[in-house]
Amino acid sequence: MGNNEKEFVKEVTPQNVDFSQWYLDLVLKTELMDYAPVKGCMAIRPYGYAIWENMQHLLDKRIKATGHKNAYFPVFIPQSLLEKEAEHVEGFAPEVALVTRGGNEKLAEPLVIRPTSEAIICSMYAKWIQSWRDLPLLINQWCNVVRWEKNTRPFLRTSEFLWQEGHTVHSTAEEAEEEARKMLDVYKDFVENELAVPVISGAKTEREKFAGALRTYTIEALMADGKALQAGTSHNLGQHFAKGFEITFLDKDKQLKYAWQTSWGVSTRLIGAIIMVHGDDRGLKLPPRVAPVQVVVVPIITKKKREEVLRRCRELLGELPAEVRVELDDREGYSAGWKFNEWEMKGVPLRLEVGPRDIEAGGASAVRRDNGEKSFIRSEDIPGKIQVLLKDIQDNLFRQALEFRESNTHRVNSYEEFQQLLEEKKGLFQAFWCGDLHCEEEIKNDTKATIRCIPFGKEDENGPCLYCGREGGKMVYLARSY
RNA sequence: CGGGGCGUGGCGCAGCUUGGCAGCGCGCUUGGUUUGGGACCAAGAGGUCGCGGGUUCAAAUCCCGCCGCCCCGACCA
């Protein structure tokens, strides 16, 4: 190990110098993305897309395991459809992209490029649902959406992004509520166990909820710079859209009723979360479960032992369990040291070094990305040990992120204390809030911090409102956020 | 949309004040020597200086306009 971190990573700004620049340097240098010629749009490069594909696979399994089926709806939404739910159109109007021409002809009605698909999907659901027997209807879609953003950042906020959106219809309010909560739990399980990102789940305030929803639930994560990130949302839409789109069904009691709905989504933003939760000055640290390359084998080639080393490396690939994503870096012209730094920057969880000395000793050297620990593994132990190490790295990343979050969560009792700590320490803040919109807005105006969520399981804890001091306030988490 | 900063080979920058052959480092290509924490030598390739006007014998450099990107705010997955 060298004595100076900077020797290892060139051209990536250190986090403590400029976190934002660190992030931007990293996404470009590691070839996760590149800027495209359209404002706020990016090309997701193969290395970045591979992370998304792994995430898709793992989440899609969970979505299907909870009874949902995938489908696809059009990217174009007739403008009039978007306008059928008042709050919804008001919320999204400022950021819709509109198509007014098709070929050489002006369109009779402009088409909105979907910012989210409630409108187009509800218009279809209205046709598909007549009876209680048609319910629940549980559909998910993987697609792109477009929101004309002013302030964009790779993965965190882009004009176009990839996501999944679930849209379900139920016959009772209770069932819709249960669904919205269940899918939030699915997200929490997915994000914590696959991405190793700890999240706090809870409800959004009225002010922060989705345009058109009855209630919005959220999972919130804390980034390494002390800012919070909304990592996923699940909405109980109530009957708002059902009424706007005439989604009705004849119930068992022979009454015609409006249906109850939910929608829920996570996006490529989660890639940003992985970067900002786990990364360090040497680059990305990808959780093994979603890393495109879990193990990189780096041959230490010397002139005399060149063929022997390469042969042993190729053998090793065949000995590893088939499910391990492994890559042999046998590129010529790059020194071993250069490759070490490159793969560390790209966040590969585990590196196996195979050189003459390792072969001599009957094994390979393993180096973990999460903590830099180096160990020698005998050849016969490699297949089993690799799996153990990857599991341990995954767990360790989660543990470290959780510890970071806990040591950066502060309980505050006064507004002055809150404002002071917010400047000094950043992070998440626990406090009480009376529920008044006025207090919520004043806090935001004063501090730039928002109420991230009203956490589940803390309903019994009550106290004086952070802002107005009124007793009986609910426990909330506050933070500055992305 | 307001405030600030920046646009010069792929990347990072110098040159601009005081107009006069478009440079440096890294990367890239080829050949050779190397390879246990970002190797070395040699020979090469690569630029409408963000875009459009203007001033001038002459513009990366001066003037006007526009565009893009980044940072900080208002709005948001």
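Here is how names work: the chains are called A, B, and so on, in the same order as the sequence lines, proteins then strands, and each is numbered from 1. This is a predicted model, so every value here is computed, not measured.
For G73(B), the paired nucleotide is C1(B), the pair qualifying as Watson-Crick or G-U wobble because both relevant distances are below 3.5 Å. The partner of G20(B) is C57(B), judged by Watson-Crick or G-U wobble contacts that both fall below 3.5 Å. Look at U33(B): its Watson-Crick or wobble partner, with both distances under 3.5 angstrom, is A39(B).
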Under 4.0 Å protein heavy-atom contact, by nucleotide of nucleotides 69-77 of chain B - B base, S sugar-phosphate only: SSS-BBSBB
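Asp330(A) contributes atom CG, which lies 5.5 Å from atom CZ of Arg314(A) (distance to the nearest 0.5 angstrom).
A distance of about 14 Å separates the P atoms of C11(B) and G47(B), rounded to the whole Å.
A cation-pi contact links Arg331(A) to Tyr334(A), judged by a cut-off of 6.0 Å to the six-membered ring centre and 45° from its axis.
When side chains are defined from C-beta on, Lys69(A) does not count as touching Lys64(A), because their heavy atoms never get closer than 4.5 Å.
For Val38(A), the side-chain contact (heavy atoms from CB on, under 4.5 Å) partners are Cys41(A), not counting sequence neighbours.
For the pair Asn341(A) CG and G37(B) C1', the interatomic distance rounds to 6 Å; values are reported in whole Å. Taking atom CD of Glu31(A) as the reference point, atom P of G10(B) lies 16 Å away to the nearest angstrom.
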Between the protein and nucleotides 29-35 of chain B, which nitrogen or oxygen pairs are less than 3.5 angstrom apart?
unit_1	atom_1	unit_2	atom_2	d
U34(B)	OP2	Lys303(A)	NZ	2.8
U35(B)	O2'	Ile301(A)	O	2.8
U35(B)	N1	Ile301(A)	O	3.4

